[in-house]
2 protein chains.
Amino acid sequence: MSSNHTHNKKNQTLTKNQRIVLNLLQDSGEPLKAYFILDSLKKEGLNSPLQVYRALDKLVELGKIHKVESLNSFIICNNSNCASNTAFTICERCGKVKEIKNNNLTEGVNELVRENKLNITRYNLEFYVVCKTCKIN
Amino acid sequence: MSSNHTHNKKNQTLTKNQRIVLNLLQDSGEPLKAYFILDSLKKEGLNSPLQVYRALDKLVELGKIHKVESLNSFIICNNSNCASNTAFTICERCGKVKEIKNNNLTEGVNELVRENKLNITRYNLEFYVVCKTCKIN
DNA sequence: ATTACATACGTAATATTATAACAATATAAA
DNA sequence: TTTATATTGTTATAATATTACGTATGTAAT
Ligand SMILES: [Zn+2]
Ligand SMILES: [Zn+2]
Ligand SMILES: [Zn+2]
Ligand SMILES: [Zn+2]
């Protein structure tokens with residue numbers, strides 16, 4: 001069923017619950033809310049919020065997903081190695097979220113952190129935008 | 001009672017509920033949670049969550065306070081004119097929150113936004129740190 | 001094999017954070 | 001004054017997240 005087979009390689013160390021939650025986020029690509037995940041995975045055997053939250057916590061810890069704080073949502077990591085540092089653009093009109101990849105912005109932030117001697121352990125940056133699609137309309 | 005008199009000048013356009021919520025945040029200086037604010041202001045006549053949330057919403061809109069998204073908390077604006085752009089450091093050990101003022105960092109972020117041609121309407125930056133006090137211990 | 005330890009699981013209950021819906025009142029324009 | 005807009009008060013409810021408790025499973029040391 002579904003697309004489990006496409007992800008087995010990467011997710012082999014995960015438990016069943018962690019795997020099915022990750023797969024859902026992977027297949028969606030959008031930020032999803034915990035209770036939406038719960039509803040979506042009832043058929044896979046998830047019955048309680050805690051099962052979802054525990055899986056989400058673990059996946060966040062592993063850096064495989066991120067929490068979009070201002071949306072109370074979780075999204076698949078679109079980056080190979082952002083560890084616990086995250087940067088997103090969030091469209092104010094359509095809600096579309098994009099993880100900002102290894103580009104000038106994240107490099108620049110690192111520089112700023114160095115310059116300002118901030119003893120940063122991690123950061124979460126949320127940029128609210130009007131995306132290209134919404135700009136046209 | 002309390003310290004209303006010290007803030008009247010600034011807060012004259014505000015309604016009663018907005019004023020007492022703002023005063024509490026002003027006097028505290030720390031991020032406070034909505035239900036803590038509610039409990040604290042029962043004696044001032046606030047009875048329901050909605051009264052607090054409505055005041056908070058308005059104050060955020062006016063830029064007088066900010067929401068610290070990852071803490072579900074609200075903090076007085078420590079800056080004259082950050083409008084809707086915010087940047088905080090949050091100590092991972094003691095929870096202390098500082099709003100980053102008009103310094104290299106915020107200027108640098110603005111520059112990055114320009115360089116990357118991001119069509120930003122506003123941003124919220126949360127830097128997790130170990131503060132000086134916690135670093136020593 | 002047995003013990004100890006850490007991690008994960010399942011379930012129920014509860015806590016925390018936030019909004020919907022509706023009637024009333026105040027404030028500001030027109 | 002009439003009309004529109006914003007704010008209030010109250011009750012109920014929705015949405016988000018954690019505590020508590022007992023069980024199971026895997027791993028490593030004895
Ligand atoms: Zn990522
Ligand atoms: Zn959009
Ligand atoms: Zn501010
Ligand atoms: Zn600290």
Side-chain angles (χ1 to χ4, degrees), chain A residues 11-25 28 30-75 88 90 92 95 97 124 126, chain B residues 4 8 11-25 28 30-75 88 90 92 95 97 124 126:
Chain A
N11 308 339
Q12 241 151 17
T13 66
L14 301 178
T15 65
K16 182 198 160 214
N17 288 356
Q18 292 161 9
R19 205 170 345 98
I20 64 177
V21 169
L22 180 61
N23 284 345
L24 180 64
L25 287 166
S28 162
E30 293 183 342
L32 301 182
K33 294 185 167 261
Y35 277 74
F36 175 89
I37 293 171
L38 177 56
D39 287 343
S40 305
L41 295 179
K42 285 254 164 77
K43 51 184 178 303
E44 314 269 351
L46 286 195
N47 297 307
S48 83
L50 197 46
Q51 293 177 301
V52 173
Y53 279 108
R54 286 201 277 226
L56 289 171
D57 284 351
K58 190 65 183 180
L59 293 169
V60 166
E61 191 188 319
L62 295 173
K64 293 186 177 293
I65 67 173
H66 303 301
K67 183 170 188 181
V68 185
E69 293 289 351
S70 65
L71 300 180
N72 293 321
S73 297
F74 299 85
I75 191 169
F88 301 104
I90 303 171
E92 285 197 315
V97 173
N124 175 50
E126 301 184 350
Chain B
N4 273 356
N8 282 343
N11 307 339
Q12 242 151 18
T13 66
L14 302 178
T15 66
K16 183 201 159 211
N17 287 356
Q18 291 160 10
R19 204 169 347 98
I20 64 176
V21 169
L22 181 60
N23 285 345
L24 180 63
L25 286 166
S28 160
E30 294 182 338
L32 302 181
K33 296 189 165 252
Y35 277 75
F36 175 88
I37 293 172
L38 177 56
D39 288 342
S40 304
L41 296 179
K42 285 251 164 80
K43 50 184 178 304
E44 314 270 351
L46 286 194
N47 298 307
S48 83
L50 202 45
Q51 294 178 299
V52 173
Y53 279 107
R54 286 201 277 226
L56 289 171
D57 285 351
K58 190 66 184 179
L59 293 169
V60 166
E61 190 188 319
L62 296 173
K64 293 186 177 294
I65 68 171
H66 303 301
K67 182 169 188 182
V68 185
E69 293 289 352
S70 65
L71 300 180
N72 293 321
S73 298
F74 300 85
I75 191 168
F88 300 105
I90 303 170
E92 284 196 318
V97 174
N124 174 50
E126 302 185 349

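Below, chains carry the letters A, B, ... as their sequence lines are ordered, and counting in each starts from 1.
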Engineer: Would you please confirm or rule out a distance under 4.0 Å between OP1 or OP2 of dC9(C) and any side-chain N or O of K16(A)?
Structural biologist: no

Engineer: Round to a whole Å and report the spacing from CG of N17(B) to P of dA26(C).
Structural biologist: 14 Å

Engineer: Do I37(A) and L25(A) make a side-chain contact, defined as non-hydrogen atoms from C-beta onward lying under 4.5 Å apart?
Structural biologist: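 Yes; the side chains approach each other to less than 4.5 Å.
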
Engineer: Would you say K64(A)'s side chain and K58(A)'s backbone share a donor-acceptor pair under 3.5 angstrom?
Structural biologist: no

Engineer: Please determine whether any donor N or O and acceptor N or O are separated by less than 3.5 Å between the side chain of Y35(A) and the base of dA17(D).
Structural biologist: yes

Engineer: Could you give the CG-to-P distance, from L71(B) to dA17(D), as a whole number of Å?
Structural biologist: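 Those two atoms, CG and P, are 13 Å apart.
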
Engineer: Donor-acceptor check, side chain of E126(A) to backbone of E69(A), threshold 3.5 angstrom: yes or no?
Structural biologist: yes

Engineer: Taking the nucleotide of DNA chain C with the nearest heavy atom to each, does A55(A) or Y53(B) sit closer to the 5' end?
Structural biologist: A55(A)

Engineer: Using a cut-off of less than 4.0 Å, is there contact between a side-chain N or O of Q51(B) and OP1 or OP2 of dG9(D)?
Structural biologist: yes

Engineer: Of the options dC9(C), dT11(D), dT7(D), whose atoms approach the side-chain atoms of Q18(B) most closely?
Structural biologist: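 For the Q18(B) side chain, the nearest candidate turns out to be dT7(D).
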
Engineer: Work out which heavy atom in S28(B) is nearest to a heavy atom in L32(B); give both atom names and the distance.
Structural biologist: OG-CD2, 3.6 Å

Engineer: Let me know the distance between CD of E61(A) and C1' of dT7(C), rounded to the nearest Å.
Structural biologist: 11 Å

Engineer: Measure from the side-chain heavy atoms of N72(B) and tell me the nearest of dA18(C), dA12(C), dG9(D).
Structural biologist: dA18(C)

Engineer: Measure across N124(B) and K67(B) and return the closest heavy-atom pair with its distance rounded to 0.1 Å.
Structural biologist: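 Scanning both residues completely, I find the closest heavy atoms to be OD1-O, 4.5 Å.
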
Engineer: How long is the line joining NZ of K58(B) and P of dT8(D), in whole Å?
Structural biologist: 10 Å

Engineer: By nearest nucleotide on DNA chain D, pick out whichever of K67(A) and R54(A) is the more 5' one.
Structural biologist: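 So the residue in question is K67(A).
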
Engineer: Below 4.0 angstrom from OP1 or OP2 of dT17(C), is there any side-chain N or O of K33(B)?
Structural biologist: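 Yes, such a contact exists.
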
Engineer: Can you tell me how far C1' of dA12(D) sits from CG of N47(B), to the nearest Å?
Structural biologist: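 Computing the N47(B):CG to dA12(D):C1' distance gives 15 Å.
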
Engineer: Just how far, in rounded Å, is C1' of dA21(C) from CG of L50(B)?
Structural biologist: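 Those two atoms, CG and C1', are 10 Å apart.
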
Engineer: Whole angstrom is fine here: how far is it from CG in D57(A) over to C1' in dT18(D)?
Structural biologist: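 From D57(A) CG to dT18(D) C1': 10 Å.
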
Engineer: Would you indicate which nucleotide in dT8(D), dC9(C), dA17(D) comes nearest to any side-chain atom of T15(A)?
Structural biologist: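 Nearest to the side chain of T15(A) among the choices is dC9(C).
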
Engineer: Using atom CD of E44(B) as one end and atom P of dT8(D) as the other, report the distance to the nearest whole Å.
Structural biologist: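 Distance check: E44(B) CD to dT8(D) P gives 15 Å.
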
